[in-house]
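Below you'll find the structure I mean.
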Amino acid sequence: MAVGYVDCHCHMTAEEFSQDTEEVIEESRKEIQALISVTEHGGEFEKLIYLSDRYPNFIMPCFGIHPIQNTVDGQRSVTMKIGLDFTPWLAPTSEQREEQLKVFQMQLEMAKRMDLPVNVHSRSAGRQTVSFLKEQGSEKVLLHNFAGRPSTALEGVQAGYFFSFPPAVIRNEQRAKLIKKIPLENICLETDSPSLGPKKEERNVPSNICHSCEYIASIKGLTAERVREVTTLNALRLFPKVFCNLQK
């Protein structure tokens with residue numbers, strides 16, 4: 001039996017899926033072994049718990065708060081999150097960045113106490129994020145949609161970190177150099193659904209994970225089947241509870 005994909009970072013509780021959540025999930029089950037669904041704000045926690053109960057051994061919850069939050073006044077830097085987002089126009093002050101670091105540290109410590117991996121956002125902060133994770137002694141790390149320098153990624157590789165890439169990489173030639181440098185043994189697949197799909201103007205869905213796989217395979221000079229197999233094994237190493245649940 002062929003090994004299925006593991007989508008290591010998607011958002012099944014996003015508003016964009018509110019009208020057809022079950023249809024999207026059922027379609028994704030045709031080729032995907034598990035979806036690691038990540039929250040972006042506290043209002044999604046209850047819904048994600050419901051989905052993980054509704055689809056046991058398939059929807060795996062990952063709770064966190066995105067570093068950039070939508071408010072009635074627009075987007076702002078948040079004070080509760082996992083990861084860093086130093087996008088200049090969203091977190092322009094040193095005070096906002098320091099606040100992000102403080103809360104990031106709190107959540108990293110929580111993950112270590114609970115022996116859980118961290119699923120990390122690092123937009124415009126790749127170098128700072130990898131350095132901070134190493135300082136904090138974090139070992140079980142996924143840097144999702146990583147867009148930092150290859151040299152920074154290799155520091156993460158040396159620390160045993162994993163990196164995942166959504167279908168949107170097929171629209172970004174600069175990522176090819178980065179992906180080529182990172183060993184396949186440190187790469188996972190993701191979709192970041194409903195964002196970052198193969199077509200910018202269309203809603204992304206987990207079943208688009210094949211685009212990430214095929215693009216990485218083309219860069220590495222490997223078959224898509226080999227990339228799927230290795231990235232799934234990588235995901236199960238990083239998220240061993242997924243593996244345990246799949247055996248039930």
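The residues of the chain are indexed from 1 along the displayed sequence.
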*When you measure from the side chain of T129 to the backbone N and O of A125, does any donor-acceptor pair fall under 3.5 Å?*
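Between the backbone of A125 and the side chain of T129 there is a qualifying donor-acceptor contact (under 3.5 Å).
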
_Set out, in order, the CA-CA distance, both residues' side-chain angles and the distance that settles salt bridge (charged side-chain N to carboxylate O under 4.0 Å, His left out) for E225 and R228, then state yes or no._
CA-CA 5 Å; E225 290 76 14; R228 178 173 59 182; 5.3 Å; no

*asked:* Can you confirm whether more than 12 heavy atoms, excluding those of E46, are under 6.0 Å from its CD atom?
replied: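 At most 12 heavy atoms, drawn from other residues, nucleotides or ligands, come within 6.0 Å of this atom.
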
*Do S195 and N204 meet the criterion of a side-chain donor-acceptor pair at a distance under 3.5 Å?*
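No.
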
_What I want to check is whether the side chains of H144 and N119 have a donor and an acceptor closer together than 3.5 Å._
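No.
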
*Indicate yes or no: does E229 engage R226 in a salt bridge with an N to O separation below 4.0 Å.*
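R226 and E229: salt-bridged.
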
*With the side chain counted from C-beta on, respond yes when V6 and T231 share a heavy-atom pair under 4.5 Å apart, and no when they do not.*
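No, too far: nothing below the 4.5 Å cut-off.
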
_Residue pairs fulfilling salt bridge (charged side-chain N to carboxylate O under 4.0 Å, His left out) with at least one residue in residues 8-31, sequence neighbours excluded_ =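 Counting only pairs at least two positions apart or across chains, the salt bridge (charged side-chain N to carboxylate O under 4.0 Å, His left out) contacts touching residues 8-31 are D20-R203, E22-R54, E26-R29, E27-K30.
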
*What heavy-atom pair brings Q33 and V3 nearest, and what distance separates the two atoms?*
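Where Q33 meets V3 most closely, the heavy atoms are OE1-CG1, 3.6 Å.
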
*Could you list all the side chain to side chain donor-acceptor pair (under 3.5 Å) pairs where at least one residue sits in residues 168-188, not counting sequence neighbours?*
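Matches after skipping sequence neighbours: N145-R175.
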
_Rounded distance (nearest 0.5 Å) linking atom CG of L51 with atom OG of S37_ =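 One finds 7.0 Å between CG of L51 and OG of S37.
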
*Taking ring pair (Phe, Tyr, Trp, His ring centres under 6.0 Å) as the test, write out the residues that go with F163, two or more places apart.*
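F146.
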
_Donor-acceptor pair between E190 and S164 side chains, under 3.5 angstrom_ =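 Short answer, yes.
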
*Applying side chain to side chain donor-acceptor pair (under 3.5 Å), run through T13 and E44 and close with a yes or a no.*
CA-CA 6 Å; T13 52; E44 294 180 305; 3.1 Å; yes

